[in-house]
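Written below as structure tokens is the structure these notes are about.
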There are 2 protein chains.
Amino acid sequence: MAGKTRQSKAKLQSAAFRRTRSDHSKELAADYVELIADLIDERGSARGTDVALRLGVANATVVKMLKRLQDMGLVTQEPYRPIALTGEGWEMAETGRKKHQIVERFLLALGVGEETARIDSEGIEHHVSDETLRAMGRFLARQIS
Amino acid sequence: MAGKTRQSKAKLQSAAFRRTRSDHSKELAADYVELIADLIDERGSARGTDVALRLGVANATVVKMLKRLQDMGLVTQEPYRPIALTGEGWEMAETGRKKHQIVERFLLALGVGEETARIDSEGIEHHVSDETLRAMGRFLARQIS
DNA sequence: AGTCGAATTTAGCATTGGCTAAACCTCTGT
DNA sequence: ACAGAGGTTTAGCCAATGCTAAATTCGACT
Ligand SMILES: [Mn+2]
Ligand SMILES: [Mn+2]
Ligand SMILES: [Mn+2]
Ligand SMILES: [Mn+2]
């Protein structure tokens, strides 16, 4: 059983790399909508500059990305106006927030400092499957008791 | 204390996103050298096709990437010959393997199934800071007792 | 030695995500 | 009313990562 065929090994491993590449292709959209939702909740509206500042990228980068998010049906925007989320956008933001929170709180519960938990969770969240997320949830539930 | 300035909030959050982007820029090189090291150890040599097959990408993609890895000083290769790692390449592979193993074993210890641990760790490994890695190590040490 | 199949490389292309600089709108305050 | 500041968009660029198809080289077997 430990002896795997060359081919089966390749198949198994390439599946992992494919998943990671697929995660990355969805990552940016997830971060954008989550951030936009946060800005709307915190300050009433999300402007391009705020998004750029929080992401640490140039304004022009945000403009271009927002067009893609519109094409994906996650965001609506009239020229020179603040950014709005579609229903689908809100849904995605909500899902993302929940996941992000669990990952961040999990790291804290594991004994990681606040700043590190904040930073690491921003990348880790996108690679956590449902199964792993559930395991983290169980760990958190255990911790409380 | 809970009330953060708009600016300070932006600075903190953009730092997290910058770290994630920086992680991604290093990720591919890390995966390549780790995979090449594995292939050399397992089968005596690493050929382009093996790398392509295990990563799940086209041959031409690997050729191009190997050139960049050569420029980075991680890999050496004569035309039409198998791939060798430089000293730096082996070092990076070793560091990567250790980290990858801790992350994967950590997920297993958390109660995640084998396949999921294998897949999720492939992406998560690149976003785990030294601090978080140590926390995972402590968790594993505790588990054993 | 010659041929054929497998591996490798090259060429040419597309998409994603980033940047700067310059032009363009909006809104607010005088 | 309108000037100026600040926000937004456009234009044009670049690097990274992927692909397919075609050309090339290597090596093993007759
Ligand atoms: Mn998030
Ligand atoms: Mn994120
Ligand atoms: Mn990632
Ligand atoms: Mn990896």
Side-chain angles (χ1 to χ4, degrees), chain A residues 6-7 10 14-33 35-36 39-40 43-72 74-84 122-123 126, chain B residues 6-7 10 14-15 17-33 35-36 39 43-72 74-84 122-123 126:
Chain A
R6 267 123 218 94
Q7 276 127 326
S14 66
F17 286 121
R18 281 175 207 283
R19 234 287 302 277
T20 301
R21 287 196 297 272
S22 147
D23 289 343
H24 284 156
S25 75
K26 295 167 197 152
E27 175 162 350
L28 204 60
D31 282 339
Y32 265 81
V33 295
L35 176 51
I36 291 165
L39 286 167
I40 292 174
R43 9 201 344 204
S45 81
R47 291 174 320 165
T49 340
D50 302 326
V51 174
L53 236 138
R54 294 258 189 129
L55 285 176
V57 299
N59 257 308
T61 303
V62 170
V63 172
K64 204 189 286 186
M65 196 58 202
L66 287 176
K67 256 168 219 150
R68 232 174 282 151
L69 296 178
Q70 260 184 302
D71 293 345
M72 296 184 216
L74 298 169
V75 144
T76 57
Q77 195 189 17
E78 302 145 77
Y80 296 95
R81 284 286 107 98
I83 308 151
E122 192 59 73
H126 308 281
Chain B
R6 267 126 216 92
Q7 276 125 329
S14 66
F17 286 121
R18 281 175 207 284
R19 234 288 303 279
T20 301
R21 287 196 297 271
S22 147
D23 290 342
H24 284 156
S25 75
K26 296 167 196 151
E27 175 161 350
L28 204 61
D31 282 339
Y32 265 83
V33 295
L35 176 53
I36 291 166
L39 286 167
R43 12 204 339 207
S45 80
R47 292 175 319 166
T49 340
D50 302 325
V51 174
L53 218 95
R54 294 258 189 130
L55 285 176
V57 300
N59 258 310
T61 302
V62 170
V63 172
K64 204 189 287 185
M65 196 58 202
L66 287 176
K67 258 168 217 148
R68 303 228 349 268
L69 296 178
Q70 260 184 301
D71 293 345
M72 295 184 218
L74 297 169
V75 144
T76 58
Q77 196 187 15
E78 301 146 79
Y80 295 94
R81 284 286 107 96
I83 307 152
E122 193 59 75
H126 307 283

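Proteins get letters first, then strands, A, B, ... in listed order; numbering begins at 1 in each. In this text the structure is predicted, and so the values were computed from the model without any measurement.
For B/Arg68, the side-chain contact (heavy atoms from CB on, under 4.5 Å) partners are B/Met65, B/Met72, not counting sequence neighbours. Judged as a side chain to side chain donor-acceptor pair (under 3.5 Å), and not counting sequence neighbours, the contacts of B/Arg19 are A/Asp120, B/Asp23. Legend: residues meeting salt bridge (charged side-chain N to carboxylate O under 4.0 Å, His left out) with A/Arg43, ordered by chain and number and at least two apart, are A/Asp50. Residues passing the side chain to side chain donor-acceptor pair (under 3.5 Å) test with A/Ser22 are A/Lys26, sequence neighbours excluded. Under the side chain to side chain donor-acceptor pair (under 3.5 Å) criterion, B/Asp31 pairs with B/His126, not counting sequence neighbours. By the side chain to side chain donor-acceptor pair (under 3.5 Å) test, B/Ser45 pairs with no residue at all, sequence neighbours left out.
Residues from residues 50-60 of chain A with heavy atoms under 4.0 angstrom of DNA chain D, sorted by number: A/Asn59, A/Ala60. At a non-hydrogen distance threshold of 4.0 Å, nothing from residues 18-27 of chain B comes into contact with DNA chain D.
Both A/Arg81 and B/Pro79 lie close to DNA chain D; mapped to their nearest nucleotides by heavy-atom distance, the more 5′-ward contact belongs to A/Arg81. Mapping A/Tyr80 and A/Arg68 onto DNA chain C by nearest heavy atom places A/Arg68 closer to the 5' end of the strand.
The side-chain heavy atoms of B/Phe17 and A/Val57, taken from C-beta on, include no pair separated by under 4.5 Å.
For B/Arg21 (side chain) and A/Gly56 (main-chain N/O), a donor-acceptor pair under 3.5 Å exists by modelled atom type.
Note that the first and last nucleotides of DNA chain D, 5' to 3', having any atom under 4.0 angstrom from a heavy atom of chain A are D/dG7 to D/dG18. You can see that DNA chain C meets the heavy atoms of chain B within a 4.0 Å-exclusive cut from C/dA7 to C/dG18, reading 5' to 3'.
Within the nucleic acid shown, A/Thr61 comes within 4.0 Å of at least one base atom, counting heavy atoms only.
For residues 57-66 of chain A, the set of pairs meeting the salt bridge (charged side-chain N to carboxylate O under 4.0 Å, His left out) definition, not counting sequence neighbours, is empty.
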* Structure fact -> Note, DNA chain C 5' to 3' with Watson-Crick or G-U pairs under 3.5 Å encoded as ( ), [ ], | and . gives ||||||||||||||||||||||||||||||
